[in-house]
Amino acid sequence: MAEKKEWLRGSALLTLSAVSLLAFLMLWELICRAGVVDTVFLPAPSQVLARAIRMWDQHSLIANIAASARRVMVGFLAAVVVSIPLGIMLGTSKVARAVFDPILSFLRPLPSMSWIPLTLLWFGITETQKYSIVFMGAVTPALLYVIEATQGIDPILIRAARNLGANRWQVMREVILPGCMPQILSGMKVILGLSWTCVISAELVAAKEGLGFMIMNGKEFFQTDTVVLGMVLISFTVLITDVVFRLIQRSVLSWQR
Amino acid sequence: MAEKKEWLRGSALLTLSAVSLLAFLMLWELICRAGVVDTVFLPAPSQVLARAIRMWDQHSLIANIAASARRVMVGFLAAVVVSIPLGIMLGTSKVARAVFDPILSFLRPLPSMSWIPLTLLWFGITETQKYSIVFMGAVTPALLYVIEATQGIDPILIRAARNLGANRWQVMREVILPGCMPQILSGMKVILGLSWTCVISAELVAAKEGLGFMIMNGKEFFQTDTVVLGMVLISFTVLITDVVFRLIQRSVLSWQR
Amino acid sequence: AAPTVINYGGSAWLGHYSAYIAMKTGMMGKYGIDLRWQAFATSSSRMAAVMAGNVDIAGTGVVSALALMASGAKQFQMIATPNNFGKAEGMLVRDGVKSLNELKGKKIGVTYASSSHVLLLDVLAQAGIDPDKDVSIINLPSTELLTAYRANQIDAAVAWTPTFNRIRALPGTRILLDDSAFSLYKSYKMSPGPDVLLVRSVFGKENPAAVKGFLQAIFEANAFMTQKPEEAAKILMELTSLTMEEQLSTIKQTEWFSQADQKALMENPGNFVIGLQKLAEMLLKLKQIDFVPQVRQWVNATYL
Amino acid sequence: MAAVKTSTAAGDAMISIRGVSKSFGALKVLDQVNLEVARGEFLVLLGASGCGKSTLLNLVSGFERATVGSVHVNNREVRDVDPACGMVFQQYALFPWKTVRQNVEFGLKMRGVSRTERAKTAQHYIEMVGLRGFEDSFPNALSGGMKQRVSIARVLANDPDVMLFDEPFAALDAMTRQVLQEQLLSIYEKSGKTIIFITHSIDEALMLSTRMIVMGAKPGRVVQDITNDLPHPRAAEVQLSPRYIELKKSIWETVQVEVMKGLEHAK
Amino acid sequence: MAAVKTSTAAGDAMISIRGVSKSFGALKVLDQVNLEVARGEFLVLLGASGCGKSTLLNLVSGFERATVGSVHVNNREVRDVDPACGMVFQQYALFPWKTVRQNVEFGLKMRGVSRTERAKTAQHYIEMVGLRGFEDSFPNALSGGMKQRVSIARVLANDPDVMLFDEPFAALDAMTRQVLQEQLLSIYEKSGKTIIFITHSIDEALMLSTRMIVMGAKPGRVVQDITNDLPHPRAAEVQLSPRYIELKKSIWETVQVEVMKGLEHAK
Ligand SMILES: Nc1ncnc2c1ncn2[C@@H]1O[C@H](COP(=O)(O)OP(=O)(O)OP(=O)(O)O)[C@@H](O)[C@H]1O
Ligand SMILES: Nc1ncnc2c1ncn2[C@@H]1O[C@H](COP(=O)(O)OP(=O)(O)OP(=O)(O)O)[C@@H](O)[C@H]1O
Ligand SMILES: [Mg+2]
Ligand SMILES: [Mg+2]
């Protein structure tokens, strides 16, 4: 009986979410239809949908998503590949941390967009420039996540490993790396979301496709429906990557439950 | 003896950081002086300093910092004021969370920059538009932090309060609010950093001062020294706000130690 | 032989019409050139692409080029100026406004770091209006200008084509002044941001024949625009999204230089270069750059 | 189960648990528990880990609702969290952002007692548990034993009819534990409150209780109910008396049977 | 302190702690501790919380270095963490991402023992602690008592000369604890290892040890050193023997004096 109640409650909450979403969309549609706001300022959901269908027919919807997704993936993966070993090194060595601290403190607060001028000069209008913007936006937070994860490992596990005869390198491979995997993974989920933010900056300049380009281009042509569609697509893609990430987490971290 | 060693080690690490910073700057200067890289691509630290002095003399250095700082503060504080009560509500009520969940999932992944077109239409080229970009960029992450903080409260404290006769409202005021203060404060530090990211987006359009404007305008005139100076100033300002935040944390959370 | 690939940096601005026509009508192909078109929203990003080596030849407003010269970049050379416009850039106001003085206390939108910005600062100086106190200048990217003007968020806009045409087409709008009001225009026929063609130094050195061919094609296209504006307009509409009428008037208002004009402008006596030098000095005065470059050092007329 | 004896008449029962079963999902944690606790009794609950002791306490305090059956405290059915049953948690559950005094005052503040009056009451109980001088300390500055005493003072200040203790001394070292046991006994004797106390230690049960309940697991139910007739005061010597040893043996045997049922694959 | 007796000649000492003092910052935690532990001895350390027991163990295992004095194990001075002293931690310290078998194999893997051989050894010890059938479980799926047994098997598989236990059973319920105590004793008797074992429970000390050390606090030092001559096997009945009671009383008195010195403002 109790379990039935639990289950009911779970599904009731889901239904509530769905109803809330529908109500939200309907209200929005009504406001637009009733002319309370000009659709130039805020397009109705139906207009956004119509735009989506049109772009789908022109094959540009998928192309835009794919372009941004590729940039996000390359920049993000590069950031991950750099930050995991470097982060573990910085997390375990006070000396290395002291050496890198000033540089990290400088890089950490810089928005990805502030890298546009320099990367443009360094890499020109290539895809590399766009990857590098995503990379620069993702790498310092990723590094900080890894450092924190490394330091969050229960020191008693390291003691136990040393006590069982592990040398420093073995401690790193057998204890620190697997031990900080959960935090690294959940950190990377956040960083992936952040990378999507950066790709918009990256597509601000000299892009011909991508969701950021779509939003900016929609703006130029006063197509607010394209702008909103671009925003919806970003949310959507991030939600999907979140789900994928959760699946990865569940399979990699089977030992957690 | 042991304490002396500890102390020595602490100060040695600080010295190391300072030496590393100096070495980094000197290397950078040398590379530029030796002509390994063109100073159009990367200005020497001395050029950045010279630019800073020039801008200081023209009174534009402080003006730029102040303009951005004001936008950050207004947008950030608005986000805090909205997110704390709303977040506590969402954190404590499953129903409210289910209702807001779809909207939050949509808003969460949107980069602040994607709000430029709509906010421009809604608020025009006012300062309000800039505040709103910072606000939109800060409010959903702030909300998520508050929700998480609220849920992170040890349920036994809530039980204890109820057991001592507190009603729901008293539980919220006496237990949940003070109990999630530490996480809220440390979350807000992150959000404040994020707000600085957003202010750059905000200053892309209709700004004639501010650090974001400085970077983008420097880019137009190929003054990479101005660009780098803008970046340094952002880092610097964020570092200072971090220190201020840490002081606030220490005084508000005196009970933690 | 296989055609030489030239990566060209352009936009919808009239300064790029020549290259666009030459590409679309096969004139480039005739000179053994495969022109690859890269669109940029701003001159500065186009220039950055030149610096990074992604673009071989670019057309640009000269302000951006002067800024880059001021920072000492030697990676490019100035090889020609394809046109002279005067009516494609200017200040647009609502019908009631008759003079600059009536704009005191009002909001004027302009894109910072553009030729329009220079024009605005210059005409304000001529009228004795303090740009910081008497009016409020709003920094807006060109597309935002239209939105802001339409939404009554600004009282005047200084813009160039095609935004210029779009705003002008709005009802109740008139042109208060155009580039002919620019102080250097009167003495040197120098607009605030004349168009120039740049070549990446390395590319020019390695492919002198291709650069020469490119310029040949440009001047052929210029002749085409002068002689058959209607045909040219049709081709250009897909680049600019202007209406036929607007497109045609833009072409007709502009003077399209021939090869013969070039030598005189660029080298001997080089009025254009002298004008540029004056412009650079003015930019310094208007606090837009912090060093006056010797413009002649960047001019290379050997490809003409 | 048939051996369960009810030591008090239903009339003067402070707590009565009637036919209570409790399931979490498919897991039946408590099965048909009947228990009456008389006013002024000091009842100790013993039983293997996971047999449902905490769950039973949570039903009495109102944190959980029974799946079947009912719980009455002071002849009122428990339907929600009720301040009449003060709980002392194993993890202390002090508010870390409040000083010792503010913690002890908490219940009074919630009831709207005036500032001066609650300060007076708090001071009384702080001194009773021997923490004079620590009124303005934050919990983080206290040792485990001191925290537990604050937690007891906090419940006492709220003056509930019933006090529920869920393994309050488990995390303390043997010596601090002994001191607190003695303090608790003297408070109990002075105040005449009804107490239910959970512990894993048979010695602790014997030292404190007036009555002991041993619970069995899977599902949880009462398997032994013994009145503790050891004389007071129960100093260390009492542990050497034959009656003590007899009681301990009897409980130990019951417990051992239950534990062995539950222990996983032990040799 | 003058009363400290050294029960073994220096020659056959497995562990010898010579004139060791240890300070953390300004806090002197251990003061001039001298202690010899003979090969095959089962030494139990007792003492109030914070008196420096864990610190002493950390010095033997090499996790900490003495401020003054030296520690020798097997006639070699301890200068770094040394696998010759296997530690069983109170918090189990199992690697949560490794299965029971992988945990038990850990030390062997570190030494480069071949896959098949280490599987065989691990299986042996897993069965010895009664966990057959749980080889592929992750620690999170085990109860506290099972985790503690894995932790013991892990140290045993690594075959150290010395085993150090830091309150290994403190978090377990009384019954599980009893079972594990018996298992530990039988392992000890079979293997003949040298053991140092920390506990707060005098009963536990009496059941397990061949020798008991009571430490005093502030700063930590040895205040009592007693040989435990209770007969084996030490079943529950031994607790009722006069010698048991005598020993318990003697230790209790020493401990009480020390605790009272340390207890804060208790009534
Ligand atoms: N909220 C809950 N949801 C699901 N199962 C629960 C919940 N609370 C307790 N249980 C389960 O009920 C059983 C009894 O738990 P309870 O905490 O009452 O045991 P206990 O006797 O207090 O044990 P311990 O001595 O270890 O504290 C356990 O198997 C536990 O897993
Ligand atoms: N790393 C450290 N830095 C500073 N002080 C420490 C450190 N480790 C231990 N101490 C201090 O040394 C003293 C002794 O600690 P230790 O852990 O050895 O006590 P213990 O006898 O094991 O106590 P318990 O029974 O509570 O485990 C304590 O006062 C503790 O605060
Ligand atoms: Mg319990
Ligand atoms: Mg210890």
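Scope of the values below: all heavy atoms of this structure, side chains included, with no hydrogens, waters or symmetry mates. Residue numbering restarts at 1 for every chain, and letters A, B, ... go by the order of the sequence lines.
Taking CG from B/Leu204 and CD1 from A/Ile116, the interatomic distance works out to 7.0 Å, rounded to the nearest 0.5 Å. Once rounded to the nearest 0.5 Å, the distance linking CZ of A/Arg97 with CG of B/Leu16 reads 12.0 Å. Atoms CG and CH2, on A/Leu42 and B/Trp122 in that order, are 5.5 Å from each other to the nearest 0.5 Å. We find the OG-CG distance between A/Ser235 and B/Leu104 to be 11.0 Å, quoted to the nearest 0.5 Å. We find the CZ-CE distance between B/Phe106 and A/Met231 to be 5.5 Å, quoted to the nearest 0.5 Å.
Closest approach of B/Ser17 and A/Pro102 over heavy atoms only: O-CG, 3.3 Å. Taking all atoms of both residues into account, the shortest heavy-atom contact from A/Leu121 to B/Thr224 is CD1-CG2, 3.3 Å. The two residues B/Met216 and A/Met113 come nearest to each other via the heavy atoms CE-O, 3.5 Å.
In this structure, chain A has no heavy atom under 4.5 Å from any part of B/Leu120. With a threshold of 4.5 angstrom between heavy atoms, B/Ser105 approaches chain A through its backbone and through its side chain. For A/Phe24, the part sitting under 4.5 Å from any heavy atom of chain B is the side chain, from C-beta outward, and nothing else. Proximity to chain A (any heavy atom under 4.5 Å) is restricted, for B/Asp242, to the side chain, taken from C-beta onward. Both the backbone and the side chain of A/Leu21 come within contact range of chain B, each with at least one heavy atom under 4.5 Å from a heavy atom of that chain.
Annotation: maximal heavy-atom pairing with chain B below 4.5 Å, among A/Val19, A/Val99, A/Val238, occurs at A/Val99. Among A/Ala18, A/Gly193, A/Pro117, A/Gly137, the residue with the largest count of heavy-atom pairs under 4.5 Å with chain B is A/Pro117.
A side-chain contact (heavy atoms from CB on, under 4.5 Å) with B/Ile200 is found for exactly one of A/Pro111, A/Ser112, A/Ser201, namely A/Pro111. Residue A/Ser114 is tested with B/Val227, B/Val228, B/Ile215, B/Thr197 for a side-chain contact (heavy atoms from CB on, under 4.5 Å); the sole match is B/Ile215.
Atom CD of A/Glu148 has 12 or fewer neighbouring heavy atoms from other residues, nucleotides or ligands inside a 6.0 Å radius. The 12-atom threshold is not exceeded at CZ of A/Phe236, counting heavy atoms of other residues, nucleotides or ligands nearer than 6.0 Å.
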Stepwise side-chain contact (heavy atoms from CB on, under 4.5 Å) test for A/Ser20 and B/Asp101
CA-CA 9 Å; A/Ser20 139; B/Asp101 198 44; over 6 Å; no
Does the pair B/Lys219 and A/Leu118 meet the rule for a side-chain contact (heavy atoms from CB on, under 4.5 Å), with working shown?
CA-CA 8 Å; B/Lys219 172 187 152 231; A/Leu118 290 181; over 6 Å; no
